[in-house]
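So you know, we letter chains A, B, ... as the sequences are listed, proteins then strands, and number each from 1.
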Amino acid sequence: MATDQYTHPDYYNMDDLLSEEHKLVRDAARAWVKENVSPIIEDYYERADFPVHLVKGLGEIGALGPYIPAEYGGPGLDQISYGLIMQELERCDSGLRSTSSVQSSLVMYPIWKYGNEEQKKKWLPKLASGEFLGCFGLTEPDHGSNPGGMITNFKDKGDHYLLNGAKMWISNAPLADVAVVWAKDESGRIHGLVVEKGMEGFSAPEMHGKHSLRASITGELIFVDVKVPKENLLPNKSGLGAPLGCLDSARFGIAWGALGAAMDCYDQALRYSKERTQFDVPIGAFQLTQKKLAEMITEITKAQLLTFRLGQLRNEGKATSAQISMAKRNNVEIALNIAREARQILGAMGITNEFSVMRHMANLESVVTYEGTHDIHLLITGMDVTGIPAFKRDIPQ
Amino acid sequence: MKFLVCISKAPDTTSKIEFTDGDTKFNEAGVQYIVNPYDEWYALVRALELKESLGGSVTTITVGEVGDESIIRKALAIGADNAVRVNAEANDAYFTAFQIAEYAKANGFDIVFTGKETINYNGSQVGGMVAEMLNQPFVSLASKLELNGGAATINREMTGGVEVVEVNTPFVVSSAKGMAEQRIPNMRGIMAARTKPLEVIEPAACEDLTSFATYSLPEAKSACKYVEADNIAELVNLLHTEAKVI
């Protein structure tokens with residue numbers, strides 16, 4: 001890949017709304033990405049290999065659990081800083097952001113919010129430094145959009161729990177040291193359990209053949225009579241709301257991240273449109289190219305406003321799940337469209353690994369589906385404004 | 001050991017350079033400032049490395065107005081212990097050096113670090129002036145600095161070779177490429193920078209000895225000229241008569 005020349009578009013002077021600290025956070029994340037990730041990402045993506053050495057680096061810069069307080073090894077940043085870090089990571093690659101946001105929002109967040117003091121002290125510092133990699137087990141082979149239907153379950157055996165079931169499409173799974181696994185107890189209530197690598201009966205085979213998120217590792221989690229110590233159950237929240245609380249945090253990060261991918265595609269397309277000449281003029285002189293660029297920057301600017309406001313609400317503890325859901329859906333959708341339009345501006349070059357747009361486009365096909373599909377997010381907004389859930393249908397026999 | 005690192009701002013290299021007031025003033029509107037790279041990457045990081053191996057403290061000093069505090073915070077995020085801002089516009093090298101020297105005299109440092117130059121004005125004057133005002137040795141363009149007790153061994157890059165000099169603390173050194181590797185601040189450092197002391201002091205009485213008469217931009221790059229691959233004579237002719245490089 002050519003030298004990474006990325007600068008972020010800022011049509012509405014959004015930077016004026018950021019604090020000096022926010023800008024430092026963003027610049028530090030960008031500098032780290034340009035130095036450590038941009039030069040290698042295409043190679044890892046092409047070989048479908050996970051650059052596992054970057055996990056420690058993510059820990060060193062503070063991109064694992066950015067909002068986790070210092071007493072548990074995190075930097076204790078605010079939510080906008082978290083968003084900006086996700087934006088810079090996904091600006092480079094959605095897989096890189098996935099690694100970081102799974103660790104932050106889906107592993108550290110539940111331990112921090114639902115765990116007891118011993119659990120926080122035991123796992124959070126190692127997860128923050130990148131010494132440990134974590135994963136999150138909610139989705140099952142037959143339960144994606146409907147996680148409440150999960151069959152993974154555990155039984156109380158007196159001095160331990162006995163866990164059985166299987167999870168699928170789990171980012172980081174094959175290399176994870178700890179897995180936050182959601183399973184039903186004997187009464188059918190969902191609880192979070194921390195399952196550790198090496199526990200008997202626990203395996204995490206890698207899933208192959210992905211055309212998307214190729215620089216991120218994905219696997220299954222299989223539990224066959226796994227004895228989980230009782231102290232590994234997260235005690236402070238149960239029910240479907242517990243994993244959904246984690247997803248709020250992760251989707252918030254995705255909203256910022258996907259926008260980063262869109263900004264990167266636009267940045268490259270704009271530069272290329274000024275350099276590439278056809279019929280003796282830069283292709284940016286043509287109305288149809290300008291239309292694409294104008295629509296791209298308009299959508300990016302709208303998404304920046306949406307995302308920043310959501311960051312403020314999240315900082316104040318006021319962002320609702322439905323508000324986060326809207327931003328996730330909108331930003332991933334515009335990012336996908338922008339990646340496709342940018343690919344057209346780049347012409348044939350757009351399909352090569354000289355540019356990141358085709359990689360972004362393929363990655364975003366996962367992002368539009370995971371952590372709540374585009375359609376499910378539409379139904380969440382639909383339910384929020386009408387008060388009527390439309391997730392389930394009773395089909396007449 | 002006590003280290004003082006002089007930190008100056010410089011416009012980001014992507015900034016648009018324009019002048020106002022009849023080309024006597026640099027137009028700062030919309031310009032993003034960064035820490036002058038020679039100050040940040042080499043002077044500050046080498047001072048931090050020495051502190052980390054020998055103990056002590058790293059103080060930064062900046063002659064500048066309140067807007068410069070963002071670059072000062074970055075220096076603190078990278079690892080400096082505390083910062084001082086002399087509340088004045090830095091237009092003149094003598095004035096700037098005088099302010100730094102006054103603070104250094106009052107507080108006593110083993111080594112004062114500067115970058116070899118700022119990337120906007122390229123003056124390379126402040127370090128030497130500070131040394132003179134403090135009556136201390138000055139080593140310029142250092143690419144390596146090792147400290148053994150109070151004795152420093154410093155490499156200076158020269159045309160065609162390296163000069164190795166020895167000097168005892170206290171001294172002033174200007175730092176060039178090679179002194180250290182750039183450090184990216186991490187998020188914990190950025191949070192810690194919030195609570196690190198940034199002292200603002202008023203400038204000591206001193207007149208500017210220079211002022212800006214006019215600025216002008218370099219000539220715009222001319223278009224690329226293509227010469228047929230087998231027409232070497234034409235290429236040589238153009239390099240000689242037009243480009244005047246041979």
B:R188 side-chain N/O to A:A70 backbone N/O, donor-acceptor pair under 3.5 Å: no

Distance in Å, A:L77 CG paired with B:R194 CZ, rounded so as to fall on 0.5 Å steps: 7.5 Å

Beyond-backbone contact of A:L24 with B:K74, side-chain heavy atoms, under 4.5 angstrom: yes

Exceeds 12 heavy-atom contacts within 6.0 angstrom, atom CD of A:E316: yes

CZ/A:F286: more than 12 non-hydrogen atoms of other groups inside 6.0 Å: yes

Structural part of B:I184 lying under 4.5 Å from a heavy atom of chain A: side chain

Spatial distance of atom CG (A:D27) from atom CD (B:Q32) [nearest 0.5 Å]: 8.0 Å

Heavy atoms from other residues, nucleotides or ligands near CD of A:E117 exceed 12 (cutoff 6.0 Å): yes

Shortest non-hydrogen separation from A:A28 to B:P185 and the atoms involved: CB-O, 3.3 Å

Point-to-point distance, once rounded to the nearest 0.5 Å, from CE of B:M187 to CD1 of A:I68: 15.0 Å

Most chain B-contacting option - heavy-atom pairs closer than 4.5 Å, from A:G76, A:S81, A:P75, A:G62: A:P75

B:K144, NZ atom: more than 12 neighbouring heavy atoms under 6.0 Å: no

Considering all heavy atoms, the nearest A:E20-B:S70 contact: OE1-CB, 2.9 Å

Residue A:E21 versus chain B: region with a heavy atom under 4.5 Å: both

